[in-house]
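Notes follow the structure.
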Amino acid sequence: MRFDVMEGRSKAEITTLLDAAHRAMLTAFKVPERDRYQIVHEHPPEHFIVQDTGLDIPRTRHVVVVTVTSRPRTRAMKETFYAELCRELKTSCGIEASDVMVSIVTNSDEDWSFGLGRGQFLTGEL
């Protein structure tokens, strides 16, 4: 998971955000607890424009753009993830659903190596 946010959040706020997002991932995608890969990129406000494609969705300085790279997931799983992520971020961080934008990028088993020079989905390790 990649998180693009405006700079200015504290370490504690970032930790809370990442923990909340991981809980949403566990709930929606049923991944193992240690299937956690999260990277945060902070941007100055003038380098971070997140509009709403004409949907009249209000954005604030708390906007978060989440990009998930994943194996194929069902539509139901994705919809659950969108809802759970917004619920978790609102409950844990006070981030409104209008400030959460998500993109899921799908790839296949052969596109993953978790290290050691092997494709663990292909070798049967995962």
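The model shown is predicted, which means the values in this text are computed figures rather than measured ones. Side chains are part of it too, since the values below use all heavy atoms of this structure and drop only hydrogens, waters and symmetry mates. In this chain, residues are counted from 1 in sequence order.
When side chains are defined from C-beta on, Ser70 does not count as touching Thr106, because their heavy atoms never get closer than 4.5 Å. Residues Val63 and Val5 form no side-chain contact, since every pair of their non-hydrogen atoms from C-beta on lies 4.5 Å or further apart. Using a 4.5 Å heavy-atom cutoff, the side chains of Thr69 and Trp112 are in contact.
For the pair Asp109 (side chain) and Phe121 (backbone), a donor-acceptor distance under 3.5 Å is absent. Judged by distance alone, the side chain of Thr60 and the main-chain N or O of His62 form a donor-acceptor pair under 3.5 Å. A donor-acceptor pair is defined here as one N or O able to donate and one able to accept, closer than 3.5 Å; such a pair exists between the side chain of Arg59 and the backbone of Gln51. A donor-acceptor pair is defined here as one N or O able to donate and one able to accept, closer than 3.5 Å; such a pair exists between the side chain of Gln120 and the backbone of Gly115. At distances below 3.5 Å, not a single donor-acceptor pair connects side-chain atoms of His22 with backbone N or O atoms of Leu17.
Cation-pi check for Arg73 over Phe81 is not met; the charged atom does not lie both under 6.0 angstrom from the ring centroid and within 45 degrees of its normal.
Contacts of Glu125 classified as side chain to side chain donor-acceptor pair (under 3.5 Å), with partners at least two apart in sequence or in another chain: Arg118, Thr123. With sequence neighbours left out, Arg34 forms a salt bridge (Lys or Arg N to Asp or Glu O under 4.0 Å) with no residue at all.
Around the CE atom of Met101, the shell of radius 6.0 Å holds no more than 12 heavy atoms that belong to other residues, nucleotides or ligands. Within 6.0 Å of CG on Leu55 lie more than 12 heavy atoms contributed by other residues, nucleotides or ligands. Within 6.0 Å of CZ on Arg36 lie more than 12 heavy atoms contributed by other residues, nucleotides or ligands.
Closest approach of Glu7 and Glu42 over heavy atoms only: CA-OE2, 3.8 Å. Between Leu89 and Ala20, the shortest heavy-atom contact is CD2-CB, 4.0 Å. Nearest heavy-atom pair across Cys93 and Thr16 is SG-CG2, 3.8 Å. The shortest non-hydrogen separation linking Leu18 to Gln38 is O-NE2, 2.9 Å.
In this structure, a donor-acceptor pair under 3.5 Å is present between the side chains of Asp111 and Ser108.
Ring planes of His43 and Phe48: parallel class, angle under 30° (limits at 30 and 60°).
Within the structure, every pair that satisfies the side-chain hydrogen bond (donor to acceptor under 3.5 Å, both in side chains) test and touches residues 80-91, not counting sequence neighbours, is listed here: Arg23-Glu88, Glu84-Arg87, Lys90-Glu96.
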